[in-house]
Structure formats: C-alpha cells, structure tokens
Amino acid sequence: MFWLLVPLAYLLGSLSFAILLSRLSGGPDPRASGSGNPGATNMLRVAGRKLAILTLLGDLGKGLLPVLVANLLGLDIRQQAWVGLAAVIGHLYPLYFRFKGGKGVATAAGMLLGLYPPAALLALAAWALTFVLTRTSSLASLIATPLTLPLLAWQQPAALLPMCALTGLIVWRHRSNLRDLFAGRERHF
Ligand code: G3P
C-alpha cells in the first residue's frame, strides 16, 4: 500500500491551487506577477484575499489528505511522513506544470497537521509571531519550518528523516527569498 500511496500523493501534490484558481477566475498568473511564486502568499499579493485563502486551504488539504489516508490504512508514522513528503514534492515539482511549482509551506503544514498536530501548532505559532513582528511571509516560513525538528526528534523520531528532507527542500526553494532578505529587499506586507 505504501508504494501505491507515494505516487498518488505526488500526483495530488502536483495540483497547484494557485495556478488552477487563477486560471478559473481569469485573474493574473501568480508565476508572472508579484514574487512569481504559485502559492497563497503571492496570491494574496496579486489576486486578493479570497483566492489566497482558497489556495491556502487547497494546498494545505493536499498535504493533509494523503497522510490521513496512510494513517487510516494502518501505515506507521515513518511511512506516513514519506507519503506526506511525496505530496510536498508534487507541489514543488508538479507533473502538470512542467515541474515548476511553489515553495511547499502550506502543503508541509497540512502534512504536519496529519502527522503530529502539536508540531503543526508550534509551526503555526512561530509563523504567526514572526509574521506579526516582521510582516514577511518568507522569513516566517524559514523560521517556523526548522523549529518543528527538535520537537519531532523528541516525540516522533521515526518521522525525523523525512521531515529533515522536507525542511532542506523548503529552505532550498526559498533561496531567492534568502538572497533578498540578506540584501534588504524582500517583499513585506
Ligand atoms: O510560502 C511561501 C512564502 O514563504 C514566500 O512566498 O511569494 O513571498 O516568495 P513569496
């Protein structure tokens, strides 16, 4: 079952809600405006609050669903984490959009919510606090994601390896944000 769920999770993760919703609404393509990222943050910049919230929910749901299904089918937490990671990889490198996807934060949040809700709550609190203080979505993501690792190492060590891989991928996908943050030209709200 595990080897069936991994590709299915990848195919689900490949559905980019930012791109699909912008097409359905006839709005601007998030890949061509704002930061160029097909994600909820950039949808808020270029398409407004309603589509940003729908993007957030869709991207979060596609991380959550495969983990819940894996759980229901009796897979252990280590396998659930790999299935969730496959969904995040789908978001980062989507089959349907020439492998050019987003940065994975909302999908990772959904995955974490299914896997171990206290870690998702910790990430949400860290994200919200950083965002309120700095008004910078990328910085909030870059702080919140690795913060979950010590908690997971302590409470869910079996999920640590896929979560380390996920954190590395998310940081890698934020490399242009990191450059802009260090250069003092990152976008704020
Ligand atoms: O979740 C994406 C966020 O961390 C950064 O998005 O559009 O500011 O590059 P953006």
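Predicted model, so just to flag it, every value in this text is computed and none were measured.
A donor-acceptor pair is defined here as one N or O able to donate and one able to accept, closer than 3.5 Å; no such pair exists between the side chain of Thr167 and the backbone of Ala165. Between the side chain of Asn42 and the backbone N or O of Asn37, at least one donor-acceptor pair lies under 3.5 Å. Judged by distance alone, the side chain of Arg173 and the main-chain N or O of Leu92 form a donor-acceptor pair under 3.5 Å. Between the Tyr96 side chain and the Ser16 main chain, no donor and acceptor come within less than 3.5 Å of each other.
With values rounded to the nearest 0.5 angstrom, Phe97 atom CZ is found 10.5 Å from His91 atom NE2. Between Ser14 atom OG and Phe99 atom CZ the span is 7.5 Å, to the nearest 0.5 Å. With values rounded to the nearest 0.5 angstrom, Asn71 atom CG is found 11.5 Å from Gln79 atom CD. Rounding to the nearest 0.5 angstrom, the gap separating the CG atom in Leu178 from the CG atom in Leu142 is 5.0 Å. Interatomic distance, Leu60 CG to Phe17 CZ, rounded to the nearest 0.5 Å: 10.5 Å. Here CG of Leu54 is found 13.0 Å from CZ of Arg49. Values are rounded to the nearest 0.5 Å.
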- Message: Applying side chain to side chain contact (heavy atoms under 4.5 Å, CB included) to Asp59 and Val105, what does each step give before you reach the verdict?
- Response: CA-CA 9 Å; Asp59 284 349; Val105 177; over 6 Å; no
- Message: Please evaluate residues Leu51 and Ser22 with respect to the criterion side chain to side chain contact (heavy atoms under 4.5 Å, CB included), reporting the C-alpha separation (whole Å), side-chain torsions for both, the decisive distance (0.1 Å), and the verdict.
- Response: CA-CA 8 Å; Leu51 288 182; Ser22 74; 5.9 Å; no
- Task: Would you please test Arg45 and Arg187 for side chain to side chain contact (heavy atoms under 4.5 Å, CB included) and show each step?
- Result: CA-CA 10 Å; Arg45 286 189 196 102; Arg187 293 174 170 81; 3.5 Å; yes
- Message: Apply side chain to side chain contact (heavy atoms under 4.5 Å, CB included) to residues Leu85 and Met163 and explain how you reach the verdict.
- Response: CA-CA 8 Å; Leu85 179 62; Met163 286 307 296; over 6 Å; no
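The shortest heavy-atom contact between Pro28 and Ser33 is CB-OG, 3.8 Å. Closest approach of Pro38 and Ala18 over heavy atoms only: C-CB, 3.5 Å. For Pro66 against Ala87, the heavy-atom pair with the smallest separation is CG-CB, 4.1 Å. Between Ala126 and Thr130, the closest heavy-atom pair is O-OG1, 2.7 Å. When all heavy atoms of Leu160 and Leu149 are compared, the closest pair comes out as CD1-O, 3.7 Å. Of all heavy-atom pairs between Leu68 and Gly114, the closest is CD2-CA, 4.2 Å.
Placement of Phe2 and Tyr10 within a single hydrophobic cluster is found when ILVMFWY residues are connected by side-chain heavy-atom separations under 4.5 Å, directly or transitively. Hydrophobic clustering (side-chain heavy atoms under 4.5 Å, transitive across Ile, Leu, Val, Met, Phe, Trp, Tyr) keeps Val171 apart from Trp127. If you chain together hydrophobic residues whose side chains sit under 4.5 Å apart, Leu115 and Leu147 never meet in one group. Note on Leu166 and Leu113: separate hydrophobic clusters, where clusters join Ile, Leu, Val, Met, Phe, Trp and Tyr whose side-chain heavy atoms are under 4.5 Å apart, directly or indirectly. Linking Ile, Leu, Val, Met, Phe, Trp and Tyr whenever their side-chain heavy atoms come within less than 4.5 Å leaves Leu64 and Leu73 in two separate clusters.
For Arg175, the CZ atom counts as densely surrounded, since its 6.0 Å shell holds more than 12 non-hydrogen atoms of other residues, nucleotides or ligands. Within 6.0 Å of atom CZ in Phe189, more than 12 heavy atoms from other residues, nucleotides or ligands are found, so the atom counts as buried in its surroundings. A 6.0 Å sphere centred on CZ of Arg185 holds more than 12 heavy atoms belonging to other residues, nucleotides or ligands.
Lys62 pairs in a side chain to side chain contact (heavy atoms under 4.5 Å, CB included) with only one of the listed residues (Leu12, Val88, Leu57), which is Leu12. Between Ser138 and the options His174, His188, Glu186, a side-chain hydrogen bond (donor to acceptor under 3.5 Å, both in side chains) holds for only Glu186. Only one option out of Leu151, Thr148, Ile77 pairs with Gln156 in a side chain to side chain contact (heavy atoms under 4.5 Å, CB included); it is Ile77.
The closest side-chain heavy-atom distance from Leu5 to Val69 is below 4.5 Å. In this structure, Phe131 and Thr136 have side chains that are not in contact, with every pair of non-hydrogen atoms separated by 4.5 Å or more. Contact of the Leu56 side chain with the Thr41 side chain is not registered, since no non-hydrogen atoms from C-beta on lie closer than 4.5 Å.
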